[in-house]
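Working notes, structure below.
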Amino acid sequence: MRLAGRGDRAAATTLIERHTDKIYAGCFRMLGDRASAEDATQETFLRLWKNAHRWKPQGAKFETWLYRVAMNICLDQLRKSGREIGEDAAPEHADPAPGPADDYFANEQSFAIATALATLPDRQRLAITLCHFQELSNIEAAAIMEISVDAVESLLARARRNLRDRLAPMKPYLTGTMSDDAITNAN
Amino acid sequence: MTQSPTPTDRTPEDRAPENEAVLNAMLDEAGVPEPSATLKRDLLAAYDDVQRNRRDGLAGIGNLFERFRLASAAALASVSVLGLAAGALTANSSVALAPEDELYAYAEDAFDLALLEDEELDQWARE
């Protein structure tokens, strides 16, 4: 990071290779479409490049900082586009508009899961994105979200419960106990 | 908005290993589409832009310092020349005292007179 801040292009290339896929995936989980996720990834790296020369290794862990920047950009995008879903909103009553674009998903099942994620309140989605999809620890997620570990666990528990409710009709399919007709009906 | 966990946050159903495993399997089904092929190239191009802007900015500041240094030297030289010229022009000039300044002139004369008188007094004393 320090090398990149001093103008070392090779160091910048290494940072891009190492972090782009994870940041993009996190942004995609939060925003639900590829174009927005790419925009958020570009904005994250732009902020990274602008601040690289000021980076001090004794501060926050680099990856934590990068995720925090990316997730704040995603939350800002959701807010600006009016797609923000508050903590009190029940996923069942959420606006279906934030659903992901269908053409990215190989099957209806993937689409249903992505839609269920998209209708979660933002902070619950952020918690599940960081802890499940990005495979970060609760401690790291708490540092990124700037809340306590207990609060992260609480958000995660509620997110998982909401997801389970939304995805309940698909459970037999996943556990292999559903006929093809039933799958069609469930979807 | 900080959340505090409550006993109702995790129900026995939440903790059931089978439910956890099924949900994890479902979530793992949802993949992420590949980003466009140009994304990484765009990120590197953004890096190049930022570096170029920084270099230009630093060069601009350097030029500004250089120009400022020359400007300050020129200003100092101008003030010196003006001071010299003003001194040369006013060296032999005399200006009539304004009425309000006359008081100071008399006071000065009186002071000189007093000194003279003191000197004369000393002389008389010696005689």
Side-chain angles (χ1 to χ4, degrees), chain A residues 4 7 9 12-13 15-17 20-21 24-26 28-29 33-35 37-38 41-42 45-46 48-50 52-53 86-87 100 103-107 109-114 116-117 123 128 132-133 146-148 150-158 160-161 163-164 167 170-171 174-175, chain B residues 1-70:
Chain A
R9 202 168 186 269
T13 307
L15 285 174
I16 290 170
E17 288 300 329
T20 301
D21 290 344
Y24 163 77
F28 180 82
R29 301 289 187 193
D33 75 90
R34 188 164 65 179
E38 287 190 6
T41 306
Q42 291 203 14
F45 274 86
L46 188 61
L48 169 63
W49 303 144
K50 283 182 177 171
H53 64 288
E87 205 57 46
D103 54 335
Y104 300 131
F105 297 96
N107 53 47
Q109 185 188 328
S110 282
F111 180 73
I113 293 165
L117 272 173
R123 289 161 63 80
I128 206 101
H132 182 86
F133 295 114
E146 296 178 282
I147 57 176
S148 68
D150 285 347
V152 170
E153 286 172 0
S154 170
L155 282 170
L156 271 177
R158 279 183 280 155
R160 294 178 75 84
R161 195 182 315 141
L163 283 172
R164 206 166 22 244
L167 297 170
M170 297 179 67
K171 184 178 170 185
L174 276 163
T175 51
Chain B
M1 183 173 58
T2 305
Q3 326 253 328
S4 57
T6 62
T8 56
D9 278 341
R10 280 176 70 83
T11 62
E13 193 193 349
D14 291 335
R15 286 188 287 265
E18 188 209 358
N19 285 336
E20 293 285 308
V22 169
L23 182 62
N24 287 341
M26 285 176 154
L27 292 177
D28 291 340
E29 281 289 309
V32 172
E34 286 289 311
S36 62
T38 58
L39 178 61
K40 288 183 181 175
R41 215 180 315 148
D42 292 344
L43 298 179
L44 196 57
Y47 174 79
D48 291 337
D49 280 349
V50 169
Q51 289 300 315
R52 195 177 310 118
N53 288 342
R54 276 195 65 210
R55 273 197 301 270
D56 291 351
L58 289 175
I61 291 170
N63 289 342
L64 198 67
F65 272 118
E66 194 64 31
R67 254 179 294 173
F68 180 73
R69 204 170 55 182
L70 285 175

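Chain letters run A, B, ... following the sequence lines, proteins first and then strands; every chain starts at 1.
Counting only heavy atoms from C-beta outward, the side chains of A:Trp49 and B:Asp49 never approach each other to under 4.5 Å. Contact of the B:Ser36 side chain with the A:Tyr24 side chain is not registered, since no non-hydrogen atoms from C-beta on lie closer than 4.5 Å. Looking only at side-chain heavy atoms (C-beta outward), A:Arg160 and B:Asn24 come within less than 4.5 Å of each other.
When each of B:Leu39, B:Val32, B:Asp28 is scored by its heavy-atom pairs under 4.5 Å with chain A, the top score falls to B:Val32.
Checked against side chain to side chain donor-acceptor pair (under 3.5 Å), B:Asn53 has no partners two or more places apart in sequence or in another chain. By the side-chain contact (heavy atoms from CB on, under 4.5 Å) test, B:Asp42 pairs with A:Gln42, B:Thr38, sequence neighbours left out.
Counting only distance, with no hydrogens or angles, the side chain of A:Arg34 and the backbone of B:Glu34 share a donor-acceptor pair below 3.5 Å.
In B:Lys40, the NZ atom is crowded: over 12 heavy atoms of neighbouring residues, nucleotides or ligands sit closer than 6.0 Å.
Within the model, atoms CG of B:Leu27 and CG of A:Leu117 stand 6.0 Å from one another, a figure rounded to the nearest 0.5 Å.
Residue A:Leu156: no heavy atom, backbone or side chain, is found under 4.5 Å from chain B.
Paired with B:Leu43 under the rule side-chain contact (heavy atoms from CB on, under 4.5 Å), one option of A:Thr13, A:Ile16, A:Leu15 passes, and it is A:Ile16.
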